[in-house]
J.: 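This is the structure, below, for whatever I ask next.
Throughout, residue positions are numbered sequentially from 1 according to the sequence presented.
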Amino acid sequence: LCVTFYSAVFPFQSYAPDFFLNKFGYGFEKSGYIASLLSFGTMIFTPLFGLLVDTKGRSATLMIFGSIIIVLVHLAFSLTMISPILLMILLGIAFSLVPAAMWPSIAKFIDEKRIGTAYGAMFTVQILGLWAFPLLIGIVLDRTNPQVTPEALAAGEVAYDYTWAILMLAVLGLLGVIF
């Protein structure tokens, strides 16, 4: 779950301003503003969901719910023209749900003598995904947008179609639901 979840969010966040520019035709400033909503929402919601986990439990349910939201958000981004503002807020909620439930769960299942190793292994796997998926997104963008060249981009003649790259992130969310 750790690798699929973070790989479905962080690489998207880095591509989001260009995605909003290309798909919705927003300028750089508005695209950057919309992309920033993810971090803003996460700052608000993560402590609240952490409190929910502390008081009510239900970590697995929250992780499943957050993963489902990721799938739905990426499907909506790739296949619809729903407001990216609304979708980024929902992505921020998902991005708050899963970590608020996942990281504390490790301490429940791992022997105290091995908790540092467990967190280290989890973080390493997470970073592996954060290394691999931006590369894969680039490969998908290149293969699904053969008409996009640096010259055509500079001239404003073409725009990237992120549909398949975002669908790949939706599949990561689906794998997160399964995990």
J.: Could you state whether Ile166 and Ile82 fall into the same hydrophobic cluster, counting links through intermediate Ile, Leu, Val, Met, Phe, Trp or Tyr residues with side-chain heavy atoms under 4.5 angstrom apart?
T.: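 The answer is yes; both residues are in one hydrophobic cluster.
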J.: Is a side-chain donor or acceptor of His74 paired with a backbone partner of Gly173 at a separation under 3.5 angstrom?
T.: no
J.: Describe, in one word, how the ring planes of Phe77 and Phe20 are oriented to each other, choosing from parallel (under 30°), tilted (30 to 60°) and perpendicular (over 60°).
T.: tilted
J.: Side chains of Leu167 and Leu75: closer than 4.5 Å at any heavy-atom pair?
T.: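 Yes - at least one pair of side-chain heavy atoms lies under 4.5 Å apart.
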J.: Any side-chain to backbone donor/acceptor pair from Asn145 onto Tyr160? Under 3.5 Å, distance only.
T.: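 No; zero donor-acceptor contacts below 3.5 Å.
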J.: Quick one, Thr163 and Thr144 - any side-chain contact, counting heavy atoms below 4.5 Å?
T.: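 No. Closest side-chain heavy atoms not under 4.5 Å.
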J.: Any link between Met81 and Ile89 through a network of hydrophobic side chains (Ile, Leu, Val, Met, Phe, Trp, Tyr) touching at under 4.5 Å?
T.: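 Yes: a chain of side-chain contacts under 4.5 Å links Met81 to Ile89.
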J.: Quick one, Ile34 and Pro84 - any side-chain contact, counting heavy atoms below 4.5 Å?
T.: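 Yes, side chains in contact.
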J.: Let me check something: do Leu172 and Val140 share a hydrophobic cluster, defined by ILVMFWY side-chain heavy atoms less than 4.5 Å apart, either directly or through other members?
T.: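 Leu172 clusters together with Val140.
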J.: Would you sort out whether Ile115 and Ile106 count as a side-chain contact (heavy atoms from CB on, under 4.5 Å), showing the intermediate values?
T.: CA-CA 8 Å; Ile115 198 102; Ile106 301 305; 4.2 Å; yes
J.: Just so I know, are the side chains of Ser105 and Met63 near enough to count as touching, which here means a heavy-atom distance under 4.5 Å?
T.: yes
J.: Determine the minimum heavy-atom distance between Ala8 and Ile70, stating which atoms define it.
T.: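 Residues Ala8 and Ile70, closest heavy atoms: CB-CG2, 4.0 Å.
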J.: Minimum heavy-atom separation for Ser59 and Lys108, please, with both atom names.
T.: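 Nearest heavy atoms, Ser59 then Lys108: OG-NZ, 3.7 Å.
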J.: So do Tyr33 and Phe28 actually touch side chain to side chain, heavy atoms under 4.5 Å?
T.: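 Counting from C-beta outward, Phe28 and Tyr33 never come under 4.5 Å.
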J.: Mark yes or no for whether Ser14, through its side chain, and Pro11, through its backbone, hold a donor-acceptor pair below 3.5 Å.
T.: yes
J.: Out of curiosity, Leu90 CG to Ile85 CD1, how far, rounded to the nearest 0.5 Å?
T.: 12.5 Å
J.: Using the rule given for side-chain contact (heavy atoms from CB on, under 4.5 Å), can you reason through Asn22 versus Asp161, listing the C-alpha separation, both sets of side-chain angles and the distance that settles it, and then say yes or no?
T.: CA-CA 7 Å; Asn22 283 276; Asp161 178 357; over 6 Å; no
J.: Supply the atom-to-atom distance Leu136 CG to Trp131 CH2, rounded to the nearest 0.5 angstrom.
T.: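 Rounded to the nearest 0.5 Å, the CG-CH2 separation comes out at 8.5 Å.
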J.: When the ring centroid of Phe133 is compared with that of Phe10, is the distance short of 6.0 Å?
T.: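 When the ring centroids of Phe133 and Phe10 are compared, they turn out to be at least 6.0 Å apart.
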J.: So Tyr15 and Tyr162, would you call those rings parallel, tilted or perpendicular, with 30° and 60° as cut-offs?
T.: perpendicular
J.: Sub-3.5 Å donor-acceptor pair from the side chain of Ser7 to the main-chain atoms of Thr4, do we have one?
T.: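 Not confirmed, Ser7 side chain does not pair with Thr4 backbone.
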J.: Indicate the atoms forming the closest heavy-atom contact of Phe5 with Ala94, along with that distance.
T.: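 Minimum heavy-atom separation between Phe5 and Ala94: CZ-O, 3.5 Å.
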J.: Is it true that Met102 and Leu174 fall in one hydrophobic cluster, defined by side-chain heavy atoms closer than 4.5 Å?
T.: yes
J.: Tell me, do Ser67 and Phe179 make a side-chain contact under 4.5 Å, heavy atoms counted?
T.: no
J.: Decide yes or no for Ile137 and Leu169: does some side-chain heavy atom of the first lie under 4.5 Å from some side-chain heavy atom of the second?
T.: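 Yes. Closest side-chain heavy atoms under 4.5 Å.
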J.: Look at the aromatic rings of Phe24 and Tyr26 and report parallel, tilted or perpendicular, splitting at 30° and 60°.
T.: parallel
J.: CD of Gln147: more than 12 outside heavy atoms within 6.0 angstrom?
T.: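 More than 12 heavy atoms, drawn from other residues, nucleotides or ligands, come within 6.0 Å of this atom.
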J.: Using 0.5 Å steps for rounding, measure from the CE atom of Met168 to the CG atom of Leu141.
T.: 8.0 Å
J.: What's the spacing between Leu91 CG and Phe12 CZ if we round to 0.5 Å?
T.: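 One gets 6.5 Å once the value is rounded to the nearest 0.5 Å.
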J.: Does Leu97 form a side-chain contact (heavy atoms from CB on, under 4.5 Å) with Ile69? I'd like the steps, not just the answer.
T.: CA-CA 10 Å; Leu97 277 169; Ile69 292 172; 3.9 Å; yes
J.: Run Trp103 and Met122 through side-chain contact (heavy atoms from CB on, under 4.5 Å) and show every step you take.
T.: CA-CA 9 Å; Trp103 291 101; Met122 222 170 127; 3.7 Å; yes
J.: In Å, rounded to the nearest 0.5 Å, how long is the span from CD1 of Ile127 to OH of Tyr6?
T.: 10.0 Å
J.: Which atom names give the shortest non-hydrogen contact between Leu62 and Ala101, and what distance separates them?
T.: CB-CB, 4.0 Å
J.: May I ask you to test the Gln13-Ser39 pair for a side-chain heavy-atom distance under 4.5 Å?
T.: yes
J.: If you count every heavy atom of other residues, nucleotides or ligands that lies below 6.0 Å from Phe40 atom CZ, does the total exceed 12?
T.: no
J.: Do Leu1 and Val3 land in one hydrophobic cluster if side-chain heavy atoms of ILVMFWY residues count as linked below 4.5 Å?
T.: no
J.: Looking only at non-hydrogen atoms, find the nearest pair between Pro99 and Pro104 and report the distance.
T.: O-CD, 3.6 Å
J.: Quick one: closest heavy-atom pair of Ser31 and Leu21, and the distance?
T.: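 Shortest heavy-atom contact: OG-N, 3.4 Å.
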